[in-house]
Number of protein chains: 2
Amino acid sequence: MEKGKRIETAKTNSALYSLVEALRDKSLKITDERLSILDVLVKQTKPITIKELHQITGKQGCDLATIYRLFNLLEKHKLIQRTDFGDGIARFELLTADRAHHHHIICIYCSTVVKVDECFIESIQEEIANRSGFKSITHKLEFFGICPRCQKKE
Amino acid sequence: MEKGKRIETAKTNSALYSLVEALRDKSLKITDERLSILDVLVKQTKPITIKELHQITGKQGCDLATIYRLFNLLEKHKLIQRTDFGDGIARFELLTADRAHHHHIICIYCSTVVKVDECFIESIQEEIANRSGFKSITHKLEFFGICPRCQKKE
DNA sequence: GTATATGCAAATCTTTTGCACCCCT
DNA sequence: AGGGGTGCAAAAGATTTGCATATAC
(Lines give C-alpha, C1' and ligand atoms only; values in the text may rest on other atoms or scores of the structure.)
Protein backbone atom coordinates (compact mmCIF):
# COMPACT_ATOMS: atom_id res chain seq x y z
CA MET A 1 0.00 0.00 0.00
CA GLU A 2 1.23 3.46 -0.84
CA LYS A 3 2.37 5.54 2.07
CA GLY A 4 0.28 8.55 2.90
CA LYS A 5 -2.86 6.83 1.81
CA ARG A 6 -2.81 4.54 4.80
CA ILE A 7 -4.68 6.76 7.19
CA GLU A 8 -7.55 7.02 4.73
CA THR A 9 -7.55 3.33 4.01
CA ALA A 10 -7.49 2.48 7.68
CA LYS A 11 -11.05 3.72 7.95
CA THR A 12 -12.24 0.87 5.78
CA ASN A 13 -10.69 -1.74 8.08
CA SER A 14 -12.54 -1.83 11.35
CA ALA A 15 -9.96 -3.84 13.28
CA LEU A 16 -7.21 -1.49 12.18
CA TYR A 17 -9.33 1.56 12.72
CA SER A 18 -10.22 0.70 16.28
CA LEU A 19 -6.51 0.32 16.96
CA VAL A 20 -5.90 3.75 15.50
CA GLU A 21 -8.56 5.09 17.83
CA ALA A 22 -6.80 3.41 20.74
CA LEU A 23 -3.55 5.13 19.78
CA ARG A 24 -5.32 8.47 19.59
CA ASP A 25 -6.86 7.88 23.03
CA LYS A 26 -3.42 7.40 24.49
CA SER A 27 -1.95 10.39 22.67
CA LEU A 28 0.30 8.18 20.60
CA LYS A 29 1.06 9.55 17.17
CA ILE A 30 -0.30 7.90 14.09
CA THR A 31 2.42 7.52 11.50
CA ASP A 32 2.67 5.64 8.23
CA GLU A 33 5.22 3.34 9.86
CA ARG A 34 2.87 2.45 12.67
CA LEU A 35 -0.02 1.91 10.31
CA SER A 36 1.99 -0.50 8.20
CA ILE A 37 2.99 -2.45 11.31
CA LEU A 38 -0.54 -2.56 12.71
CA ASP A 39 -1.93 -3.45 9.31
CA VAL A 40 0.13 -6.65 9.38
CA LEU A 41 -0.63 -7.28 13.02
CA VAL A 42 -4.41 -7.28 12.64
CA LYS A 43 -4.16 -9.93 9.93
CA GLN A 44 -2.32 -12.45 12.09
CA THR A 45 -4.03 -15.46 13.60
CA LYS A 46 -1.12 -16.30 15.88
CA PRO A 47 1.71 -14.48 17.63
CA ILE A 48 4.30 -13.07 15.27
CA THR A 49 7.99 -12.32 15.83
CA ILE A 50 9.41 -8.90 15.11
CA LYS A 51 11.65 -10.32 12.43
CA GLU A 52 8.70 -11.97 10.68
CA LEU A 53 6.71 -8.78 10.77
CA HIS A 54 9.67 -6.86 9.39
CA GLN A 55 9.95 -9.28 6.49
CA ILE A 56 6.24 -9.11 5.71
CA THR A 57 6.20 -5.33 5.57
CA GLY A 58 9.23 -5.48 3.29
CA LYS A 59 10.51 -2.29 1.75
CA GLN A 60 7.24 -0.52 2.48
CA GLY A 61 7.97 -1.17 6.13
CA CYS A 62 10.21 0.51 8.62
CA ASP A 63 13.34 -0.06 10.62
CA LEU A 64 13.53 -2.98 13.05
CA ALA A 65 14.24 -0.55 15.88
CA THR A 66 10.95 1.19 15.17
CA ILE A 67 9.05 -2.07 15.54
CA TYR A 68 10.82 -2.87 18.80
CA ARG A 69 10.01 0.59 20.11
CA LEU A 70 6.37 0.43 19.07
CA PHE A 71 5.84 -3.02 20.52
CA ASN A 72 7.34 -2.06 23.85
CA LEU A 73 5.00 0.90 23.86
CA LEU A 74 1.94 -1.11 22.90
CA GLU A 75 2.75 -3.72 25.52
CA LYS A 76 3.00 -1.04 28.17
CA HIS A 77 -0.43 0.19 27.08
CA LYS A 78 -1.79 -3.35 27.12
CA LEU A 79 -2.74 -3.30 23.45
CA ILE A 80 -0.59 -6.31 22.61
CA GLN A 81 0.56 -9.33 24.56
CA ARG A 82 4.07 -10.73 24.55
CA THR A 83 4.25 -14.49 24.31
CA ASP A 84 7.14 -16.82 24.88
CA PHE A 85 7.29 -20.13 23.08
CA GLY A 86 10.49 -21.12 24.88
CA ASP A 87 12.89 -20.40 22.03
CA GLY A 88 14.14 -17.07 23.31
CA ILE A 89 12.37 -15.04 20.63
CA ALA A 90 9.58 -12.68 21.67
CA ARG A 91 6.25 -13.03 19.87
CA PHE A 92 3.39 -10.55 19.92
CA GLU A 93 -0.30 -10.48 19.18
CA LEU A 94 -3.13 -8.04 19.55
CA LEU A 95 -5.12 -7.91 22.75
CA THR A 96 -8.16 -6.12 21.40
CA ALA A 97 -11.77 -6.82 22.27
CA ASP A 98 -12.35 -9.92 20.17
CA ARG A 99 -8.90 -11.27 20.98
CA ALA A 100 -9.04 -11.34 24.76
CA HIS A 101 -6.55 -13.15 26.98
CA HIS A 102 -5.92 -16.70 25.82
CA HIS A 103 -3.20 -19.31 25.46
CA HIS A 104 -1.66 -21.52 22.78
CA ILE A 105 -0.58 -25.03 22.18
CA ILE A 106 2.57 -25.38 20.11
CA CYS A 107 3.81 -28.51 18.34
CA ILE A 108 7.30 -29.34 19.57
CA TYR A 109 8.16 -30.77 16.16
CA CYS A 110 6.71 -28.43 13.53
CA SER A 111 5.82 -25.39 15.67
CA THR A 112 2.20 -25.39 14.55
CA VAL A 113 0.29 -23.03 16.83
CA VAL A 114 -3.32 -23.57 17.91
CA LYS A 115 -5.23 -21.13 20.06
CA VAL A 116 -6.62 -22.35 23.40
CA ASP A 117 -9.59 -20.12 24.05
CA GLU A 118 -10.53 -21.06 27.56
CA CYS A 119 -8.52 -19.75 30.42
CA PHE A 120 -9.03 -21.81 33.52
CA ILE A 121 -6.53 -20.06 35.67
CA GLU A 122 -8.39 -17.08 37.08
CA SER A 123 -9.92 -19.02 39.96
CA ILE A 124 -6.58 -20.53 40.82
CA GLN A 125 -5.00 -17.11 41.02
CA GLU A 126 -7.32 -16.19 43.84
CA GLU A 127 -6.12 -19.10 45.90
CA ILE A 128 -2.50 -18.29 45.14
CA ALA A 129 -3.12 -14.69 46.20
CA ASN A 130 -4.52 -15.87 49.53
CA ARG A 131 -1.69 -18.22 50.18
CA SER A 132 1.28 -16.17 48.94
CA GLY A 133 0.14 -12.68 49.85
CA PHE A 134 0.84 -11.51 46.31
CA LYS A 135 -1.71 -9.26 44.62
CA SER A 136 -2.55 -8.18 41.07
CA ILE A 137 -1.73 -11.65 39.86
CA THR A 138 -1.40 -12.40 36.16
CA HIS A 139 0.05 -15.41 34.42
CA LYS A 140 1.72 -16.73 31.32
CA LEU A 141 0.77 -20.23 30.22
CA GLU A 142 1.66 -22.12 27.08
CA PHE A 143 1.10 -25.73 26.17
CA PHE A 144 3.46 -27.85 24.13
CA GLY A 145 2.78 -31.17 22.46
CA ILE A 146 2.78 -33.09 19.23
CA CYS A 147 0.26 -31.99 16.63
CA PRO A 148 -1.90 -34.49 14.73
CA ARG A 149 0.12 -34.18 11.54
CA CYS A 150 3.42 -34.85 13.31
CA GLN A 151 1.94 -37.84 15.12
CA LYS A 152 1.46 -39.51 11.75
CA LYS A 153 5.14 -39.10 10.92
CA GLU A 154 6.28 -40.87 14.09
CA MET B 1 36.31 -26.65 47.14
CA GLU B 2 39.55 -27.98 45.79
CA LYS B 3 39.39 -29.59 42.40
CA GLY B 4 40.04 -33.31 42.25
CA LYS B 5 38.54 -33.86 45.63
CA ARG B 6 35.06 -33.18 44.35
CA ILE B 7 34.17 -36.66 43.29
CA GLU B 8 34.99 -37.96 46.75
CA THR B 9 33.11 -35.18 48.48
CA ALA B 10 30.09 -35.68 46.26
CA LYS B 11 29.43 -38.93 48.03
CA THR B 12 28.63 -37.09 51.25
CA ASN B 13 25.93 -34.99 49.56
CA SER B 14 23.00 -37.17 48.63
CA ALA B 15 21.31 -34.69 46.29
CA LEU B 16 24.55 -34.17 44.43
CA TYR B 17 25.40 -37.84 44.45
CA SER B 18 22.12 -38.92 42.95
CA LEU B 19 22.75 -36.44 40.16
CA VAL B 20 26.15 -37.96 39.60
CA GLU B 21 24.48 -41.35 39.35
CA ALA B 22 22.09 -39.93 36.78
CA LEU B 23 25.00 -38.68 34.70
CA ARG B 24 26.64 -42.08 34.89
CA ASP B 25 23.38 -43.75 33.80
CA LYS B 26 23.33 -41.61 30.71
CA SER B 27 27.02 -42.13 29.95
CA LEU B 28 27.81 -38.50 30.58
CA LYS B 29 31.27 -37.86 31.90
CA ILE B 30 31.76 -36.69 35.44
CA THR B 31 34.26 -33.84 35.48
CA ASP B 32 35.33 -31.38 38.13
CA GLU B 33 33.68 -28.63 36.12
CA ARG B 34 30.35 -30.45 36.07
CA LEU B 35 30.56 -31.22 39.77
CA SER B 36 31.17 -27.60 40.65
CA ILE B 37 28.17 -26.56 38.55
CA LEU B 38 25.89 -29.22 40.00
CA ASP B 39 27.12 -28.47 43.50
CA VAL B 40 25.76 -24.94 43.14
CA LEU B 41 22.62 -26.12 41.43
CA VAL B 42 21.53 -28.49 44.19
CA LYS B 43 21.74 -25.66 46.72
CA GLN B 44 19.32 -23.37 44.90
CA THR B 45 15.76 -22.84 46.05
CA LYS B 46 14.72 -21.08 42.86
CA PRO B 47 15.69 -21.03 39.19
CA ILE B 48 19.14 -19.58 38.55
CA THR B 49 20.57 -17.87 35.48
CA ILE B 50 23.76 -19.07 33.90
CA LYS B 51 25.45 -15.79 34.67
CA GLU B 52 24.51 -16.05 38.36
CA LEU B 53 25.79 -19.58 38.54
CA HIS B 54 29.01 -18.54 36.86
CA GLN B 55 29.53 -15.79 39.41
CA ILE B 56 28.84 -18.11 42.35
CA THR B 57 31.37 -20.69 41.21
CA GLY B 58 33.89 -17.88 40.77
CA LYS B 59 37.42 -18.75 39.85
CA GLN B 60 36.91 -22.34 40.97
CA GLY B 61 34.28 -22.56 38.28
CA CYS B 62 34.47 -23.01 34.55
CA ASP B 63 33.85 -21.17 31.34
CA LEU B 64 30.40 -19.81 30.54
CA ALA B 65 30.31 -21.91 27.38
CA THR B 66 30.76 -25.04 29.47
CA ILE B 67 27.72 -24.15 31.57
CA TYR B 68 25.64 -23.45 28.48
CA ARG B 69 26.68 -26.77 26.98
CA LEU B 70 26.00 -28.73 30.15
CA PHE B 71 22.60 -27.15 30.68
CA ASN B 72 21.51 -27.86 27.12
CA LEU B 73 22.57 -31.43 27.69
CA LEU B 74 20.82 -31.75 31.06
CA GLU B 75 17.66 -30.22 29.65
CA LYS B 76 17.67 -32.74 26.82
CA HIS B 77 17.99 -35.49 29.41
CA LYS B 78 15.19 -33.93 31.47
CA LEU B 79 17.37 -33.49 34.54
CA ILE B 80 16.77 -29.73 34.67
CA GLN B 81 13.91 -27.51 33.63
CA ARG B 82 14.27 -24.23 31.77
CA THR B 83 12.07 -21.45 33.07
CA ASP B 84 11.19 -18.15 31.51
CA PHE B 85 10.35 -15.19 33.70
CA GLY B 86 9.61 -13.01 30.71
CA ASP B 87 12.85 -11.03 30.76
CA GLY B 88 14.57 -12.89 27.97
CA ILE B 89 17.07 -14.63 30.26
CA ALA B 90 16.90 -18.40 30.65
CA ARG B 91 16.74 -19.77 34.18
CA PHE B 92 17.27 -23.36 35.22
CA GLU B 93 16.50 -25.60 38.16
CA LEU B 94 16.82 -29.23 38.97
CA LEU B 95 14.04 -31.65 38.14
CA THR B 96 15.00 -34.43 40.50
CA ALA B 97 12.67 -36.56 42.59
CA ASP B 98 11.93 -34.15 45.42
CA ARG B 99 11.71 -31.21 43.08
CA ALA B 100 9.01 -32.39 40.73
CA HIS B 101 7.21 -30.20 38.23
CA HIS B 102 5.98 -26.94 39.76
CA HIS B 103 5.51 -23.27 39.01
CA HIS B 104 6.51 -19.88 40.42
CA ILE B 105 5.05 -16.53 41.23
CA ILE B 106 7.37 -13.62 40.54
CA CYS B 107 7.02 -10.08 41.88
CA ILE B 108 6.87 -7.66 38.96
CA TYR B 109 8.63 -5.01 41.07
CA CYS B 110 11.39 -6.75 43.02
CA SER B 111 11.56 -10.13 41.23
CA THR B 112 11.05 -12.10 44.45
CA VAL B 113 10.31 -15.69 43.48
CA VAL B 114 7.96 -17.96 45.40
CA LYS B 115 7.35 -21.58 44.49
CA VAL B 116 3.80 -22.67 43.66
CA ASP B 117 3.71 -26.33 44.53
CA GLU B 118 0.36 -27.35 43.22
CA CYS B 119 -0.04 -27.91 39.54
CA PHE B 120 -3.67 -27.76 38.55
CA ILE B 121 -3.15 -28.11 34.87
CA GLU B 122 -2.86 -31.84 34.29
CA SER B 123 -6.62 -32.37 34.08
CA ILE B 124 -6.97 -29.49 31.69
CA GLN B 125 -4.37 -30.95 29.40
CA GLU B 126 -6.50 -33.99 28.87
CA GLU B 127 -9.35 -31.87 27.62
CA ILE B 128 -7.05 -29.89 25.37
CA ALA B 129 -5.70 -33.13 23.96
CA ASN B 130 -9.20 -34.29 23.12
CA ARG B 131 -10.15 -31.05 21.50
CA SER B 132 -6.95 -30.20 19.61
CA GLY B 133 -5.76 -33.67 18.68
CA PHE B 134 -2.35 -32.90 20.14
CA LYS B 135 -0.67 -35.54 22.27
CA SER B 136 2.16 -35.67 24.82
CA ILE B 137 1.07 -32.32 26.16
CA THR B 138 3.24 -30.38 28.57
CA HIS B 139 3.01 -26.78 29.68
CA LYS B 140 4.88 -23.79 30.99
CA LEU B 141 3.06 -21.60 33.48
CA GLU B 142 4.34 -18.70 35.53
CA PHE B 143 2.45 -16.24 37.68
CA PHE B 144 3.34 -12.59 38.10
CA GLY B 145 2.13 -10.18 40.75
CA ILE B 146 3.15 -7.80 43.49
CA CYS B 147 4.74 -9.36 46.54
CA PRO B 148 3.70 -8.38 50.09
CA ARG B 149 6.81 -6.29 50.69
CA CYS B 150 6.33 -4.28 47.50
CA GLN B 151 2.67 -3.70 48.30
CA LYS B 152 3.74 -1.75 51.38
CA LYS B 153 5.87 0.56 49.26
CA GLU B 154 3.00 1.51 46.99
C1' DG C 1 43.21 -45.04 23.00
C1' DT C 2 39.05 -42.84 21.93
C1' DA C 3 35.19 -40.27 22.48
C1' DT C 4 33.81 -36.58 24.97
C1' DA C 5 34.51 -32.20 27.51
C1' DT C 6 36.72 -27.79 28.07
C1' DG C 7 38.70 -23.07 27.31
C1' DC C 8 39.14 -19.38 24.56
C1' DA C 9 37.84 -16.42 21.10
C1' DA C 10 34.97 -15.26 17.59
C1' DA C 11 30.53 -15.29 15.66
C1' DT C 12 25.53 -15.02 15.87
C1' DC C 13 21.22 -13.34 17.22
C1' DT C 14 17.92 -10.53 19.59
C1' DT C 15 17.11 -6.29 21.56
C1' DT C 16 18.35 -1.60 23.07
C1' DT C 17 20.20 2.95 22.64
C1' DG C 18 22.37 7.51 21.06
C1' DC C 19 21.86 10.96 18.00
C1' DA C 20 20.62 13.77 14.20
C1' DC C 21 16.71 14.55 11.56
C1' DC C 22 11.71 14.39 10.46
C1' DC C 23 6.82 14.91 11.02
C1' DC C 24 2.36 14.38 13.45
C1' DT C 25 -0.68 17.19 16.18
C1' DA D 1 6.40 25.26 17.50
C1' DG D 2 7.42 21.36 20.04
C1' DG D 3 7.43 16.70 21.53
C1' DG D 4 7.38 12.43 19.79
C1' DG D 5 8.82 9.21 16.20
C1' DT D 6 12.22 7.34 12.87
C1' DG D 7 16.50 5.65 10.60
C1' DC D 8 20.97 4.38 10.99
C1' DA D 9 24.73 2.66 13.27
C1' DA D 10 26.69 1.16 17.24
C1' DA D 11 26.32 -1.15 21.56
C1' DA D 12 24.76 -4.50 24.74
C1' DG D 13 23.48 -9.13 26.28
C1' DA D 14 22.62 -13.88 25.82
C1' DT D 15 23.84 -17.89 23.55
C1' DT D 16 26.33 -20.76 20.18
C1' DT D 17 30.21 -22.52 17.71
C1' DG D 18 34.98 -23.76 15.81
C1' DC D 19 39.08 -25.48 17.04
C1' DA D 20 42.99 -26.98 19.53
C1' DT D 21 43.91 -29.12 23.84
C1' DA D 22 42.88 -31.92 27.82
C1' DT D 23 40.77 -35.60 30.31
C1' DA D 24 37.28 -39.29 31.83
C1' DC D 25 36.41 -43.85 30.87
Out of D:dG7, D:dA14, C:dC8, which nucleotide sits closest to the side chain of A:Glu33? D:dG7

Calculate the interatomic distance between A:Leu35 atom CG and C:dC24 atom C1'; express it in whole Å. 12 Å

Rounded to the Å, how far apart are B:Ile67 CD1 and D:dA14 P? 13 Å

Under the ring pair (Phe, Tyr, Trp, His ring centres under 6.0 Å) definition, can you give me all pairs with a residue in residues 34-77 of chain A, not counting sequence neighbours? A:Phe71-A:Phe92

Where each residue is assigned the nucleotide of DNA chain D containing its nearest heavy atom, which of B:Ile89 and B:Leu28 is assigned the position nearer the 5′ end? B:Ile89

For C:dT16, take OP1 and OP2 only and decide whether either is under 4.0 Å from a side-chain N or O of A:Asn72. yes

Looking only at side-chain atoms of A:Lys29, point me to the closest of C:dT25, D:dT16, D:dC8. C:dT25

Report the residues that fulfil ring-ring contact (aromatic ring centres under 6.0 Å, His included) with B:Phe85, sequence neighbours left out, ordered by chain and then residue number. B:His104

In whole Å, I'd like the distance from the NZ atom of B:Lys26 to the P atom of C:dA5. 14 Å

Do A:Arg69 side-chain and D:dG7 base share a donor-acceptor contact under 3.5 Å? yes

Between atom CG in B:Leu64 and atom P in C:dA5, what is the gap in whole Å? 18 Å

Here the gap from B:Leu94 atom CG to B:Leu38 atom CG, rounded to the nearest 0.5 Å, amounts to 7.5 Å

Would you mind telling me which of C:dA5, C:dG7, D:dG7 lies closest to the side-chain atoms of A:Cys62? D:dG7

Atom NZ of A:Lys76 and atom P of D:dG5: how far apart are they, to the nearest Å? 11 Å

B:Lys51 side chain near D:dA14 phosphate (N/O to OP1/OP2, under 4.0 Å): yes

Between C:dC8 atom C1' and B:His54 atom NE2, what is the distance in whole Å? 12 Å

On the 0 to 90° scale, with breaks at 30° and 60°, tag the B:His139-A:Phe143 ring pair as parallel, tilted or perpendicular. tilted

Look at the side-chain N and O atoms of A:Thr66 and state whether any lies under 4.0 Å from the OP1 or OP2 oxygen of D:dG5. no

What is the distance, to the nearest angstrom, from the CG atom on A:Leu70 to the P atom on D:dG4? 16 Å

Give a yes/no answer on whether the side chain of B:Tyr68 brings an N or O atom under 4.0 Å of OP1 or OP2 in D:dT16. no

Among the nucleotides D:dA14, D:dA9, D:dT6, which one has an atom lying closest to any side-chain atom of A:Arg34? D:dT6

A:Asp63 CG to D:dA9 P: how many Å, rounded? 9 Å

Just to confirm, is there a sub-4.0 Å distance from OP1 or OP2 of C:dT6 to any side-chain nitrogen or oxygen of B:Thr31? yes

So does A:Glu52 have more than 12 non-hydrogen atoms from other groups sitting under 6.0 Å from CD? yes

